[in-house]
Each structure stands twice: as C-alpha cells, then as structure tokens.
Amino acid sequence: MVNLASASENLSPSPAAAEAHGLPVTTQYFLVATTMVGISLPALLLHHWLGSRAISLVYLLTVVVLALFVGRGATLLAVTLSALLWDFFFLPPIPNLRIASGEDLFTFATYFVVAGVVGELTARIRAQEQTERRRERRATALYQLTRGMVGAANRDELVRAVVEQTAGAFEAEIAVLLTDARGSLSFHAHPAGTYEVPGPEQPAAEAAFESGQPAGRFTDQFPQAAALYVPLVSAEVRHGVLAVHLGQPREPSPGQQNLLQAFVHQIALALDRQRLREEFDRAKSLAESERLGRTLLNSVSHEIRTPLAAIQSATANLTDGPDRPLSASQQAMVGEILEATARLNRLVGHVLDISRLESGHLQLRREPCDVRDLVQVAVRETRQELAQHSLRVSVPASLGLVSLDFVLTQQALGNLLANAARHTPAGTAVEVTARREKGFLLLSVADRGPGLPSAVLPRVFDKFYRGPQAPTGGTGLGLSLAKGFIEAQGGQVQAQNRTGGGAEFTLRLPWLAGDTSSAHFPISP
Amino acid sequence: MTESPTKECVLLIEDEVQIRRLLRVSLERVGYEVLEAANGAAGLDEAARRQPQAILLDLGLPDMDGLIVLKRLREWSQTPILVVSVRDRDDEKISALDNGANDYITKPFSTGELLARLRVARRSAQPAAARTTYRSGPLEVDLTTRLVKVKGRLARLTATEYSLLVLFVRHAGKVLTHQQILREVWGPGDVGQIGYLRVYMAYLREKLEADPGNPELFLTEPGIGYRLVAGD
C-alpha cells in the first residue's frame, strides 16, 4: 500500500508501480497457504478457551485481510483452505473432514458462503482500486510526456523530453531514429537517446519504419532483436522509429502496451506540430526578408530619385522661366546638367532592376501580348536615343497574341535598341524584326555599326562589361538586364556579327499561345 | 463657408520640402495658387477646408500610405488627383489608378509634362455631358450622332469597337488600366480576358490610326493600360 501511494504522489511513476497488480501469482498462493496454516497453529492452542464458532471468525478475518493483498484465485484458495482447516481441526469429530451433527454442517455451509462472499467483495474492491490507480498512473505518465514535449522549443529539446519520459515510464533504454532531409530513416540515433541501436538490429528498425507496424522483440518481425521498434507515424508523415529496450525479460503487459501506444501517438503528433512550426517559421522569415528587400529598394529609389527630381525640376525652371533668357553658354551648361541627370536616373533604374532580378523579387506577369504593340512601345521609349538613326521595323501583322511579360520583354528590346544607337555611327540603319520560328518568338535588333570584336562577343552580356571602344553614357547594365529579363521568362539571348558588317542581338522566347480566344481573332481585321 | 479663390488652386501633398518649393515655383509661374501639406493628415484636412481644384499627391508620406490618402479623398471628393511618386513599380501605378487617381507621373519628371497632365486632369473634371466631341489629328468623333471620321472619311466600327472608343473619348488624355477597360466594355465577368483587349486595340488602331504600326492616338502604357491622347 505504501509503495503504491508513494508512486501516485511521485509525479514520475516508477516502472515497478506500473506493473503492480500486486505480488506474482505463485507468491500469492504461497502466502495464502502459509498464512492459513500459520493462523491454524495458535488457533489450535486457543481452541479450549474460544470454542469452534469463535475460531471461524478468526479464519474469516484472515480471509478478508488476505483478500486485500491477493487476487481472486488466491482469495478463493484462502476461503476453501480456511473452511477445510476449520472443519478438520475444530469441528467434531476431530481431526477429521467429516461433520457429525446437522448443526455443525449448517454452520460449516454458512461459513463457506459468508467467507466466499466477503472474500469476493473485498477482491472486487481491490481490483477496482487497482484499475483506478493504473488509470491514474497512465494519465500521469502521459501528462508528463505531453508537458515535456510542449515545453520544447525545438526538435532536439522535444526528442530529449521524449527520451526522458519514455525511459522513466517503461524503465527502458530509449533511442529515437528520425528521418533525414530526404525522408528516409536515418540510423544515426538522436544523441539524446540512452540506447545504442546495434548494427544487426537496423533491419528491425527499417522494417518498423517501412511497414508502419512495431518490429523487434515481442513482435512477429525480427523477434530476436534486443529492443522493440515502434514507428512514429502521424496521419500526415512518417517521422521515424522509437526504439525501446525494456529492462524486464517479460513481454509487456496489455497495460504497458496500451500506454506505449498512447506514447507513440502523442510523440508523433508532437513531431507533426514541431514540423509545422518550423515550416511556418521558415515561411515567415522568407516573407520578412522579401519585405525587407522591398523596403530597401523603395527607400534607395526614394532617397536617390527625390534629389534627382529636384535637380531636374530646378534646371528646367532655369530655361523656361520668365527671367532674362540665358546666354548660349549658360544654355549649354543647363543642357549638360539635364543630360547628366537623365543618365544618373537611368543608372538608378538599372541598378534597382538588377537587384530586383538577382534577389528574386522580380515578379513575372505573363499575359497575352500583341507583338506589334510591344515592338512599337520599345521603339517609342527609345525615340530620343534613336533620333540620329534610320529605323526599320518589320513585324508581320499575322503574328497574333503570345503569352509573355509585356513590360520586361519591351524593356529588354528597348535596351537592345538603346545599345545599338549608342554603339553605331549616326545616320546608319537599325533594323528591328519580330518573327515566329519553330515554337519560338524571335525579336532581333540588327545594326550596320562596327560589329563586335571576337574578344567582346562572349562577354557582351556581362554585368558592367564595356567594350574597349565603348562610348561613355551607358550604364554597362542594359544588355545584362535584357538577358536577365528574357531568361526569367525561360528564353535566351544571342549576339553575333552580321555578314556585311554590324552586330545582331536576338531575344529568343518560347512561343506560348496567348489565349484560347486568340485563335478566333486574327490580329488584323 | 469657404473663401472662393479667384485663381485655380492646387494642393501639394508631399513631404519633401525641396520638391514642394520647386513645384510651387513651376505652378505659380503658370498662374495656379498653391497650397502645401507635408503629410497625409494635413493633406486630407487641407483638401476638405480649401476645396482645391486639383491635388498633387506623393505616395511616400511619413504618416500614412499615399494610397490610403487617395481612398479617403475619393470617398467624398471628385477633385482631379495626380499621383507624383518615385515608386515606378507597375502594380503601384495600377492600384493608384484603380483607386481613383486621374494620372500617375514618376519622379524625376519634366515640369512641362507635369503641367500638361495637370491640364488634362483639370479638363476631365468638367461634367461629362460637356464632352461629346473629340478631335485629334485625323480622328473626329461625335458621340451625339455616333459618327466617327478619319481624315474626313467615315469609319465603320463594330459595336464593341465603338463602345471601346466611347470609353476612351470620355476619358481622353487619361490612362485607363486594363481592368478598368475590361470592366467597362466587356463587363465584370471578363476582367481576366486581357487577350480580347489586345486584339480589339489592334482593330481600333487599324481603323483609326494614320499609321497603325506607329500609333499616335491610342498609346500603350506598358504594364498598365492605354491612353487616348487629349483632343485638340
């Protein structure tokens, strides 16, 4: 009694208590037999003073006391044995099992019934009490486990709590094998474990993991293994295997098995929760870094462009103000300021675009686009740069709609045009062509300039790369941005020299049909 | 209740004092009276108190997002609002336009362009009934008689092309986002069908532009929408 009471007060249930249905069965029977024989000796001495009726009460008392400690079977033995001993030694004729008088026979029968009923009732109360106690121990053990796991801040702490609680509840050595990054079982047990899984037992662990059923000792799969391997499986994921190396040689009782099942269930749920929390944290920090990147881009663009706007606006006010007209040289200075401002602004734009591209903050907006419109916008946006060149645009009207990011593609083409304008002499021709060829949209810009030296050709799309004869004024980013914008859409860029002189840059984009409806609408009416 | 200003009055809602000073010079030079507000709250307050004829709004304000200022203004005011911002992302332009901004101009901008956009916005604030005719370059449109002429010759438009044209004429000079056009012409169900819009814009240009390959009336605003240039 003391031992059990202390077990339930002690928050961590001892494994001995977990197994305490009381004493082992043989011990119970032995105890009953010796007690009954033992109580009979003093009873024989007292027989002359007490009489046989009082002795029967002594036996009854002994049965009740024994029933508090032993199981049903042993109680029945106590009842039968006490009745026989009483009959043999105390009911005349003595010593004999026969009963002489009808009155004694009646007393004997009554004793047997009373002792039987009292013994049975006591045993029942005791059994109930034991069930309650088992239930309480089970609840306490589970509570301990859950409390340990909830307090864990990460997976390592979680596993540590699992090992500690499981080892305590089952008086066993524990190992926890978890899955690796690829989702297969890792045989490097978690370092918090107290049991070292021997090499030859790995197949048992593997079998438990693969089949989702317990394997190893006391099971049908690999029963020769030293430890029991229980899979940690939730509705969603296989987390790994719990290895339980029990200290006891006996098969776990149904109660233990039940408790182990509950443990494994809770552990798998906790691992699920942990995994979700880790995923959530990862997603949150990713979103946070995206937000930071965006804020940074916005503030850089704000901090640089605001003073640029002030310079540009102030300079413009100088020229078209009502003040005295500027002298020719002042006018020229104002022109220089405006040109430098425009160049700086272009550079800011290009640097922001590059950082958007490289940080992965560029969002593609694929939608059905009219290629003719796209080319025309790119040409319009580079009107100023191309003012000194003769431009030829050739886009077949029958091209139809193609799905791509209008803005990025148009900017890429515009950068090629600006590049051509900057690197070829005034008055030469620049040709823009769009065509569809074998599942690709080809947009090309060809010039009649000096062409690309063979040393430049492989590096022409590199960031900040400038050819040896490159005129000033460019940012060194235009072509690499064009490359980035096109590759982001699954396309390619090419540069080559033309036969007959000049360079040709080509954007090659996979032709994705713009729209199901586009088939019904030829682009020219 | 409010003193009625003799000159047309423009409110600047902008936190950068330097930009405010420069815009004031440019605007006063062409005859506007200029009011200033350094943050969103002051801007809303000033707009309600002084009833300006136009508002220039910066999106990056210290106390609240410029888009929220825009939404609050649009709850009660139809005053033309020009968004002036350093933010050049298309989605920000689109959300400004969809939330009722009349136009969007990115810093740094030329003063001439700003003033031109402001004029267009001011004109579009006049009652719609007043604008039943449109004329620019070779194109003449009369909404009362439903006649469309190019270089004096009658152009034949389908019903969809005509309703698209009417929308542009009503908002001549103003950028219309893809979504706005799709909602107005095709209805809310077809808002995702940008392909229709691309095709019909090509048809309209083919029929109404002098050189469809190099349009001068129906301009594409990349990533945002289209604009019909302001009429003569």
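Numbers restart at 1 for each chain; the letters A, B, ... are given by sequence-line order, proteins then strands.
- The nearest pair of heavy atoms linking R198(B) to D370(A) is CD-N, 3.9 Å.
- Interface remark: L197(B) contributes no atoms to any contact with chain A (heavy atom separation under 4.5 Å).
- No more than 12 heavy atoms of other residues, nucleotides or ligands sit less than 6.0 Å from atom CZ of R72(B).
- The minimum heavy-atom distance between V407(A) and P222(B), with the atom names listed, is CG2-C, 3.6 Å.
- S313(A) OG to L114(B) CG: the interatomic distance, rounded to the nearest 0.5 Å, is 8.5 Å.
- What you find for T220(B) and Q376(A) is that their closest heavy atoms are OG1-OE1, 4.3 Å.
- By the neighbour-count criterion of 12 heavy atoms within 6.0 Å, atom CD of E437(A) is densely surrounded, having more than that number from other residues, nucleotides or ligands.
- Within a 6.0 Å sphere centred on CD of E487(A), heavy atoms belonging to other residues, nucleotides or ligands number more than 12.
- Residues V377(A) and E221(B) are not in side-chain contact: their nearest non-hydrogen atoms beyond the backbone lie 4.5 Å or more apart.
- Salt-bridge annotation for D373(A) and R205(B): present, with a side-chain N of the basic residue lying under 4.0 Å from a carboxylate O of the acidic one.
- Atom CG of L391(A) sits about 9.5 Å away from atom CG of N214(B), to the nearest 0.5 Å.
- The pair R372(A)-E206(B) meets the salt-bridge criterion, since a charged nitrogen lies less than 4.0 angstrom from a carboxylate oxygen.
- By the 6.0 Å contact criterion, CD on Q388(A) is open, its count of non-hydrogen atoms from other residues, nucleotides or ligands being 12 or less.
- With chain B as partner, the option from L338(A), L308(A), T306(A), N345(A) having the largest number of non-hydrogen pairs under 4.5 angstrom is T306(A).
- In this structure, chain B has a heavy atom under 4.5 Å from the side chain of R365(A), while its backbone stays farther away.
- Minimum interatomic distance between G223(B) and F406(A) (heavy atoms only, all atoms of both residues): N-CD2, 4.3 Å.
- Heavy-atom contacts from other residues, nucleotides or ligands closer than 6.0 Å to CZ of R366(A) number more than 12.
- Within the model, atoms NZ of K107(B) and CD1 of I304(A) stand 14.0 Å from one another, a figure rounded to the nearest 0.5 Å.
- The heavy-atom pair separating L22(B) from A310(A) by the smallest distance is CD1-O, 3.3 Å.
- Contacts of Y226(B) with chain A are made by side-chain atoms alone, with heavy-atom separations under 4.5 Å and no backbone atom involved.
- For E385(A), the CD atom counts as densely surrounded, since its 6.0 Å shell holds more than 12 non-hydrogen atoms of other residues, nucleotides or ligands.
- For the residue pair H178(B) and E367(A), the shortest heavy atom distance occurs at CE1-OE2, 4.1 Å.
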